[in-house]
Structure formats: structure tokens, C-alpha cells
Amino acid sequence: MFKSLKFLLNYAEFISGSTSMPNCEYCRQPATLTKEHLWPASLHKRLYAINQQTKNIFWLSRLQRDIPNEPQIRDVCAPCNNVTLSKLDDYICKLFDSTFKNIVERHAELVFEYDYHLLKRWLLKMSYNSARIHNSPDRGALECVLPYILGTDLRMGRSIQLFVQLVHPQEISEIEANKDGDPQKKILVEPSIHRLGHVIFRAHGVGQKTLRAIHLRSYTFYLAYWQPNGGRAEQNDFAEVFNLGMPGVQLLRPSDQKVKLFCDGIGAWDSLKDARNARFSSEVDA
Ligand SMILES: [Zn+2]
């Protein structure tokens, strides 16, 4: 409670502009700000190294020509960046080495082991960084849970649900990826691109809901935002409908450390294609 109050006071100071130093976008304290890339260097190094081994340089290199340089963030103080948030990056690198580095084959069954809060806080941190760069509509919702992202109030995370879905490699004809490609030639597209975006989920009885999506190789994570202090019934109803409407999706729960997953959700090419139409929107590819 005290920490939440302190956060609000810091926020009030930020609003009143009572200091001439810029404020950190996480702790809201005036500070000298640091510069970093959206994707943490430690993770990016791993992703870069593993993508050098991909069998699909052809389509990957073509796709990357459309991708702008990786954006930078310059509004976080050193203690937040190098201590609090960097612990989340360390956890994700560990999870990358044990789990994300492997491309999951279609129809594979596996047990995904995770630390619920470290994983969700990292996904929210990435979303918040991306939302500031792109001025995304969920920026306000993410600001509401800053104490959760910083680990000072874990209860505040209850207003956000976390889902996971496995993306499988998908065979397509070469011409689908490249208009100069050979229509007779088949290529296998693996889910090797990491990116952030949004998904608009529409379902009868639920209406339309915009979710944050974070794609990390075979794993796609979805964050669903709810009103702070709202009832659980609405969240439970949504989880049921989302689970039925999105193949292979599983809700992750803070009380669990593992979940059984079946890899038959969405194909890697369909996932990328959907990111470019109205139903799914992608903010960043890297
Ligand atoms: Zn800070």
C-alpha cells in the first residue's frame, strides 16, 4: 500500500512539473536518462545468432528489407533500466536458452515451464516500451500497472490476463513470399521473427477486444486488459471464449508454474500475414 502511495505521489510531482530534470517513464523520478534498444541487447544477440542458422534466409532477408531500424528508448533512468528491468531481461534470456530457442514442430505436445510474474512483467515492460515509441492506444492501460511491472505491487497485475499459443512452421509456395518466386517451389516458413503488435479479437457475446500480442519465435503471448478492481466473472467468460476462438490458446495462471501446450495454433506465415491486415496489427519487427 505504501509503495503504491509513493508511486502516486511521484506521479503527482511528474504532472505538476515541479522539477526541471526529465522524469523516468517507470519510477517517475527526475533522473539522468539512459538509452537502450527496444529488444534487450542480451536477447537480441541470441535471436540474431539463432536466425543466422535459419533454413529460410530467402524469405527472412526479403522481409527484413521492409523492417525499419530497431527503435531506441531514451526515457528510463539507470536504476530502473540496469537493476529492476534488467532482472526481467535476465529471466527471459534464461527462458530463451531453455525454451524459446527451439522451434516447435506442428502437432508437438510440450510442457511450458514459467515463472508467471517474471514472464508477465517482462511482456508488459516490452509492451510499454513499444507503446511509448508508437504512441499506442494501450499506453494508458500499461501506465496503470507500472508498480506491477516494477515488482512493487504484484496485486496490480490481476487486471491483465496472460495467454500463450504456439505457432507452427508452415509450408507455402515461394511466390507467396516473393512475387518473383517460383510458384512450383515450396518453402518452409519457421516462426523465427520476434515482434510486438495488437490483435483484435471478435466473438459473439464478447464483442470486440483489442489484445497486446508479443511474438517470440514459436511462442505468441497475448495480454488482455481489464478494469482495475473489476470482477473476475468478465475475465473468466472472456478466457472461455478466447480459448474456443483461438486454437491451442492457454490461459496462464499465477498459481501454476507449468502448462501443457499443443502446437496446432496458427501457421508462421499466416501469423505474419495477419499482422499486416486489419485484424492483427504489428508495431515492430526486428
Ligand atoms: Zn526509473
Side-chain angles (χ1 to χ4, degrees), residues 112 114 116-117 119-149 153-168 170 191 195-216 219-256 259-285:
F112 173 51
Y114 57 91
Y116 180 82
H117 291 299
L119 173 63
K120 190 159 101 172
R121 287 172 56 210
W122 183 80
L123 293 166
L124 286 165
K125 176 214 64 138
M126 290 297 294
S127 305
Y128 182 47
N129 285 349
S130 183
R132 296 200 310 289
I133 292 167
H134 297 278
N135 200 20
S136 311
D138 58 350
R139 179 177 175 160
L142 290 158
E143 279 173 345
C144 285
V145 293
L146 280 175
Y148 177 74
I149 301 177
D153 189 343
L154 291 186
R155 288 168 311 165
M156 289 188 85
R158 289 178 191 170
S159 62
I160 297 177
Q161 285 175 301
L162 169 60
F163 298 88
V164 64
Q165 181 188 40
L166 290 173
V167 178
H168 58 77
Q170 183 179 5
R195 64 190 201 276
L196 287 140
H198 295 95
V199 171
I200 299 167
F201 179 74
R202 296 184 188 95
H204 186 68
V206 171
Q208 178 173 304
K209 191 162 180 69
T210 302
L211 295 95
R212 169 63 71 167
I214 302 98
H215 308 267
L216 193 47
Y219 289 74
T220 292
F221 295 98
Y222 301 101
L223 296 164
Y225 305 110
W226 300 96
Q227 288 295 332
N229 309 318
R232 305 296 296 178
E234 199 180 20
Q235 289 195 21
N236 293 341
D237 288 350
F238 177 76
E240 215 168 286
V241 176
F242 193 55
N243 189 267
L244 288 171
M246 295 286 274
V249 154
Q250 289 288 343
L251 174 71
L252 300 187
R253 299 172 193 281
S255 51
D256 296 336
V259 67
K260 204 184 258 188
L261 298 177
F262 181 53
C263 184
D264 199 21
I266 184 168
W269 182 250
D270 289 339
S271 174
L272 277 171
K273 253 187 358 192
D274 284 347
R276 289 159 184 231
N277 68 29
R279 200 162 80 89
F280 290 56
S281 75
S282 192
E283 281 177 352
V284 175
D285 289 320

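By convention here, the first residue in the shown sequence is residue 1. Everything numeric in this text was worked out from a predicted model, so none of it was measured.
For the ring-ring contact (aromatic ring centres under 6.0 Å, His included) test, residues two or more places apart in sequence or in another chain that qualify with Tyr219 are Phe100, Phe112. Residues satisfying the side chain to side chain contact (heavy atoms under 4.5 Å, CB included) criterion with Asn236, sequence neighbours excluded, are Arg232. Taking Tyr148 as the reference, His117 meet the ring-ring contact (aromatic ring centres under 6.0 Å, His included) condition, with sequence neighbours excluded. Qualifying side-chain hydrogen bond (donor to acceptor under 3.5 Å, both in side chains) partners for Gln250, counting only residues two or more places apart in sequence or in other chains: none. Contacts of Ala141 classified as side chain to side chain contact (heavy atoms under 4.5 Å, CB included), with partners at least two apart in sequence or in another chain: Tyr225. Judged as a side chain to side chain contact (heavy atoms under 4.5 Å, CB included), and not counting sequence neighbours, the contacts of Gln208 are Ile200, Arg202.
The side-chain contact (heavy atoms from CB on, under 4.5 Å) test with Tyr128 singles out one residue from Met126, Arg132, Lys125, and that residue is Arg132. The one candidate from Asp256, Leu154, Leu162 that meets the side-chain contact (heavy atoms from CB on, under 4.5 Å) condition with Tyr116 is Leu162.
For the pair Phe238 and Ala224, the tightest heavy-atom approach, listed with the atom from each and the gap, is CE2-CB, 4.0 Å. The nearest pair of heavy atoms linking Gln165 to Gly265 is NE2-CA, 3.9 Å. Nearest approach of Gln235 to Ser159, heavy atoms of both residues: NE2-CA, 3.9 Å. Here the shortest heavy-atom pairing between Leu223 and Ser127 reads CD1-OG, 3.7 Å.
More than 12 heavy atoms of other residues, nucleotides or ligands sit less than 6.0 Å from atom CZ of Arg139.
Side-chain contact between Leu272 and Arg195 is present, with at least one heavy-atom pair separated by less than 4.5 Å.
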